[in-house]
Amino acid sequence: MIRSGIKKNRSASIILVVLMLISTIFLNIGLNVLTKVDGYVAEKNKEIHGPDFALMLPEKDETDALVMIQGMEGYEASSIEKILHFEAADFYNEKRDKKSQTMQALLLDISDKREYSNGGIIDEGKELKSNSIVLPYYLKVSSKYQTGDKMELTVGGKAYKTEIYGFSEDVMFATPFNFEVFRCLLAPELYETISKDGSLSVHKKYINVKLQEGYKSDKFEQEFTNLCVQKEKGELLSAVSLNYESMKVGVKATISIVMAILVIFAILITCVAMVIIRFTISSYIEEDIKNLGSMEAIGFTCGMLQRSLIFQFWIISFIGFIKYEIRLLNVINSNIDNLFNVIR
């Protein structure tokens, strides 16, 4: 009976196998990434020695802010970098952009020694030139920028011809959807030129803070804000503060949404497969009502007939899973980490 049922419903059986195959793949990818993405971001931040908390502020407030931070609960260590911060900067890749991308710019001297966010340069060029620039890895992924591309950087109303020397990773500035700033490393000569051309207001300090293990960075940020108010240091509230806990949410948001959609699709496809099974069983009963009556007459119960029909589709799904899905899932699972390139 099962064999004849499969032969009669061959087309429905093939559709069922395909649907279950797609559903399982979507579900596997979606759940795999959703369960791993948080750990991946944490590993990446640890790999590049990313800070738990950071503060960007005018040079005049550096001492007050540092004293305040060092006296707070959870503080472990910190470092200070000089930076140039421009509220508006135009990035134009002469080879790959149709129009410039406007974003805030955080410019650093590549020759400065860094204790934090020092994960190295990806696709590093052969020679560091006087106009070299290292851009966020996001631009390599989203805009297909490549090392060696000629690029025009416009800040403070002045345009500077640069050449891409490579790309860097920083969880705090991983994507403009998280924080609308491109963090760039400049050759010493280029940094010095822009520094001299820029107004005093663009010269700022960037404080990287490492917290004691287990201490939440979002809690530390809130406590710092409260402390500023209590000590009537209202001017420090105009500074830009970043914490890892909040930033990682934005970093993983896009890929989490995409994976959640895959899981929803998998559930919908499974529902469609269930409808097909119900429809096929109904059609089979209508077509073979006489044979079913005969089988009941010789002793088959209604429950036995129902189980045989359901078992038919269980066999189809099982054979399809063994023959195709296990192979595909092994390939997918062995390469699942490649999906995380979008959040580097």
Side-chain angles (χ1 to χ4, degrees), residues 25-56 74-79 81 106 108 110 113-124 134-142 145 147 166-185 206-221 241-263 329-344:
I25 291 173
F26 280 6
L27 192 62
N28 181 73
I29 294 174
L31 293 179
N32 240 312
V33 174
L34 286 172
T35 54
K36 290 181 178 180
V37 64
D38 197 69
Y40 178 85
V41 175
E43 288 178 11
K44 178 56 64 177
N45 197 53
K46 184 178 180 180
E47 177 187 324
I48 64 175
H49 304 100
D52 299 308
F53 175 77
L55 192 67
M56 182 171 62
Y75 172 86
E76 183 174 297
S78 61
S79 69
E81 298 180 73
L106 192 67
L108 301 89
I110 195 173
K113 185 177 179 180
R114 291 183 174 79
E115 295 181 39
Y116 300 96
S117 298
N118 56 3
I121 300 173
I122 300 170
D123 293 343
E124 185 174 357
V134 176
L135 297 172
Y137 188 82
Y138 167 83
L139 287 173
K140 177 178 175 63
V141 175
S142 65
Y145 282 18
T147 297
F167 304 88
S168 66
E169 298 177 303
D170 190 318
V171 172
M172 294 288 195
F173 304 98
T175 166
F177 300 109
N178 198 29
F179 186 44
E180 295 182 346
V181 174
F182 284 161
R183 175 182 178 272
C184 309
L185 306 176
Y206 190 80
I207 303 177
N208 297 284
V209 180
K210 182 70 175 177
L211 302 180
Q212 294 172 5
E213 187 173 352
Y215 203 90
K216 294 293 184 180
S217 58
D218 50 352
K219 179 183 177 183
F220 188 88
E221 182 180 36
S241 61
L242 307 170
N243 74 81
Y244 167 73
E245 291 296 329
S246 297
M247 292 299 106
K248 77 173 182 179
V249 172
V251 171
K252 65 182 185 178
T254 302
I255 193 169
S256 295
I257 291 172
V258 173
M259 294 303 109
I261 292 173
L262 277 184
V263 172
L329 292 180
N330 287 335
V331 173
I332 291 169
N333 289 331
S334 65
N335 293 281
I336 198 75
D337 288 339
N338 292 332
L339 293 173
F340 290 109
N341 282 334
V342 296
I343 62 169
R344 292 184 69 168

### Task
For Lys44 and Glu47, run salt bridge (charged side-chain N to carboxylate O under 4.0 Å, His left out): C-alpha distance rounded to whole Å, both residues' side-chain angles, the deciding distance at 0.1 Å, then the answer.
CA-CA 5 Å; Lys44 178 56 64 177; Glu47 177 187 324; 3.5 Å; yes
List the residues meeting side-chain contact (heavy atoms from CB on, under 4.5 Å) with [X], not counting sequence neighbours, and say none if there are none.
{"X": "Ser142", "result": "Tyr138"}
{"X": "Ser217", "result": "Asp52, Leu211, Asn243, Tyr244, Glu245"}
{"X": "Leu262", "result": "Phe26, Ile29, Met259"}
{"X": "Ala260", "result": "none"}

Mind checking side chain to side chain donor-acceptor pair (under 3.5 Å) for [X] and listing every partner two or more places apart, or none if nothing turns up?
{"X": "Glu124", "value": "Tyr165"}
{"X": "Tyr75", "value": "Ser78"}
{"X": "Thr147", "value": "none"}
{"X": "Ser117", "value": "Asp170"}

So which atom in [X] and which in [Y] form the shortest heavy-atom distance, rounded to 0.1 Å?
{"X": "Pro136", "Y": "Phe167", "answer": "O-CD2, 3.6 Å"}
{"X": "Leu108", "Y": "Arg183", "answer": "CD1-CG, 3.7 Å"}
{"X": "Ala54", "Y": "Met172", "answer": "N-CE, 4.5 Å"}
{"X": "Leu135", "Y": "Cys184", "answer": "CD2-SG, 3.8 Å"}
{"X": "Ser241", "Y": "Leu55", "answer": "CB-CD1, 3.6 Å"}

Would you give the length of the straight line joining atom [atom1] of [X] to atom [atom2] of [Y], rounded to the nearest 0.5 angstrom?
{"X": "Leu139", "Y": "Ser168", "atom1": "CG", "atom2": "OG", "value": "10.0 Å"}
{"X": "Ile207", "Y": "Leu242", "atom1": "CD1", "atom2": "CG", "value": "12.0 Å"}
{"X": "Ile121", "Y": "Leu185", "atom1": "CD1", "atom2": "CG", "value": "6.5 Å"}

#### Entry: Side chain proximity check, Lys140 to Asp123, heavy atoms < 4.5 angstrom
yes
### Minimum side-chain heavy-atom gap Ile257-Ile261 below 4.5 Å
yes
### Summary
The ring-ring contact (aromatic ring centres under 6.0 Å, His included) partners of Tyr145 (sequence neighbours excluded) come to none
### Message
Applying ring-ring contact (aromatic ring centres under 6.0 Å, His included), can you list everything that pairs with Phe182, at least two apart in sequence or on another chain?
### Response
Phe91
### Query
What class does the angle between the rings of Tyr206 and Phe173 fall in, given that below 30° is parallel, 30 to 60° is tilted and above 60° is perpendicular?
tilted
### Message
Checking Asp218 now: which residues fulfil salt bridge (Lys or Arg N to Asp or Glu O under 4.0 Å) with it, not counting sequence neighbours?
### Response
none
#### Entry: Non-neighbouring partners of Glu81 that pass salt bridge (Lys or Arg N to Asp or Glu O under 4.0 Å), sequence neighbours left out
Arg114
